[in-house]
Asker: 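Quick one: this structure, given as structure tokens, is what I'll be asking you about.
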Amino acid sequence: MNAPRKIVINLIQDIATPHNNVLIKQFLGRDNVEIKLWYAVSKNEGLYQWSQDITHEHLSAIIYGQKLNLSFLYYCLTHSQERFVIVGWMNINTCLLHLLFSSYGDLLIIGLIYPVL
């Protein structure tokens with residue numbers, strides 16, 4: 001019997017938030033899911049004054065930056081077997097991803113939800 005295929009979910013957002021960390025925690029320890037965290041910044045003290053840095057609270061995160069990051073965009077476009085959840089569009093990278101993924105965004109969401117649950 002073959003082991004179930006691991007689903008890779010890339011969670012892309014500007015900054016780590018407590019409510020998204022609750023979601024991330026739900027996937028920890030699942031053998032069939034791998035979460036990759038991508039943030040534009042590691043923290044924004046002008047916007048949030050949390051008592052601790054929650055960027056790497058559950059997993060190591062990749063900081064892709066707020067300026068155009070071609071290697072980040074290339075990764076997203078060339079890993080079509082992975083799933084992408086893009087939260088917000090506050091920088092050039094997430095704006096471009098929304099534009100590039102918008103033609104089949106609904107399919108990405110359906111593909112994300114049903115195989116995982």
Side-chain angles (χ1 to χ4, degrees):
M1 181 199 271
N2 292 337
R5 186 175 72 103
K6 183 176 275 197
I7 296 169
V8 178
I9 302 171
N10 293 274
L11 179 59
I12 301 167
Q13 60 187 51
D14 278 352
I15 191 167
T17 56
H19 61 282
N20 282 337
N21 274 3
V22 170
L23 173 68
I24 293 162
K25 190 175 178 181
Q26 298 303 307
F27 287 103
L28 297 178
R30 293 184 66 164
D31 293 336
N32 64 336
V33 178
E34 177 184 349
I35 301 290
K36 292 183 182 177
L37 301 177
W38 301 83
Y39 300 122
V41 296
S42 59
K43 57 185 163 183
N44 183 338
E45 293 174 357
L47 186 59
Y48 302 109
Q49 291 84 35
W50 295 318
S51 60
Q52 63 185 33
D53 181 7
I54 61 171
T55 303
H56 308 283
E57 184 175 347
H58 297 296
L59 298 169
S60 224
I62 301 163
I63 308 301
Y64 61 86
Q66 293 182 304
K67 295 181 180 177
L68 183 63
N69 184 332
L70 294 177
S71 59
F72 166 66
L73 296 171
Y74 180 79
Y75 179 92
C76 295
L77 295 174
T78 58
H79 288 76
S80 59
Q81 73 281 6
E82 298 181 9
R83 303 294 183 239
F84 294 84
V85 178
I86 307 164
V87 179
W89 52 340
M90 297 297 287
N91 63 67
I92 187 65
N93 298 296
T94 51
C95 288
L96 287 172
L97 285 178
H98 277 291
L99 289 171
L100 294 168
F101 285 159
S102 67
S103 62
Y104 59 94
D106 290 341
L107 296 176
L108 290 173
I109 292 169
I110 290 169
L112 168 67
I113 293 172
Y114 292 105
V116 174
L117 299 177

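The structure presented is a predicted model; accordingly, all values stated were derived computationally and were not measured.
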Asker: Check side chain to side chain contact (heavy atoms under 4.5 Å, CB included) between I62 and all other residues, then give those that pass, not counting sequence neighbours.
Answerer: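 Testing I62 for side chain to side chain contact (heavy atoms under 4.5 Å, CB included), a comparison that skips the adjacent residues, returns W38.
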Asker: Looking only at non-hydrogen atoms, find the nearest pair between H98 and I86 and report the distance.
Answerer: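 Residues H98 and I86, closest heavy atoms: NE2-CG2, 3.4 Å.
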Asker: Flag yes if Y39 and M90 sit in one hydrophobic cluster, no otherwise; membership is Ile, Leu, Val, Met, Phe, Trp, Tyr, and two members link when side-chain heavy atoms are under 4.5 Å apart.
Answerer: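 Cluster IDs for Y39 and M90 differ.
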Asker: Provide the closest heavy-atom pair for R5 versus Q81 in the form atom of the first, atom of the second, distance.
Answerer: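 In this case the closest contact between R5 and Q81 is NH1-O, 4.1 Å.
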Asker: For E57, what residues pass the side chain to side chain donor-acceptor pair (under 3.5 Å) criterion, not counting sequence neighbours?
Answerer: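 Testing E57 for side chain to side chain donor-acceptor pair (under 3.5 Å), a comparison that skips the adjacent residues, returns N21.
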Asker: Which heavy atom of Q66 sits nearest to which heavy atom of N91, and what is that distance?
Answerer: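 Closest pair (atom of Q66, atom of N91, distance): O-CB, 3.8 Å.
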Asker: Please check: side-chain N/O of N10 versus main-chain N/O of R83, any donor-acceptor pairing under 3.5 Å?
Answerer: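 Indeed, once roles are kept as given, a pair shorter than 3.5 Å links the two residues.
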Asker: Between T55 and L37, what is the shortest heavy-atom contact and its length?
Answerer: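 Heavy-atom minimum between the residues: O-CD1, 4.5 Å.
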Asker: Is it possible for you to say whether V33 and L28 belong to one hydrophobic cluster, with membership spreading through side-chain heavy-atom contacts below 4.5 Å?
Answerer: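 Cluster IDs for V33 and L28 match.
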Asker: Without placing hydrogens or testing angles, list every side-chain donor-acceptor pair under 3.5 Å for residues 69-76, not counting sequence neighbours.
Answerer:
| unit_1 | atom_1 | unit_2 | atom_2 | d |
| --- | --- | --- | --- | --- |
| N69 | OD1 | S71 | N | 3.2 |
| N69 | OD1 | S71 | OG | 2.9 |
| N69 | OD1 | F72 | N | 2.9 |
| N69 | ND2 | Y64 | O | 2.8 |
| Y75 | OH | K36 | NZ | 2.4 |
| Y75 | OH | E82 | OE1 | 2.8 |
| Y75 | OH | E82 | OE2 | 3.0 |

Asker: Does one hydrophobic cluster hold both F84 and L77, with members joined at side-chain heavy-atom distances below 4.5 Å?
Answerer: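 Yes, F84 connects to L77 through the hydrophobic network.
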Asker: If two hydrophobic side chains count as joined below 4.5 Å and joins carry through other members, does L23 share a cluster with I35?
Answerer: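 Linked, L23 and I35 end up in one cluster.
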Asker: Which heavy atom of I92 sits nearest a heavy atom of L68, and at what distance?
Answerer: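 Looking at all heavy atoms of both residues, the closest pair is CG2-N, 3.4 Å.
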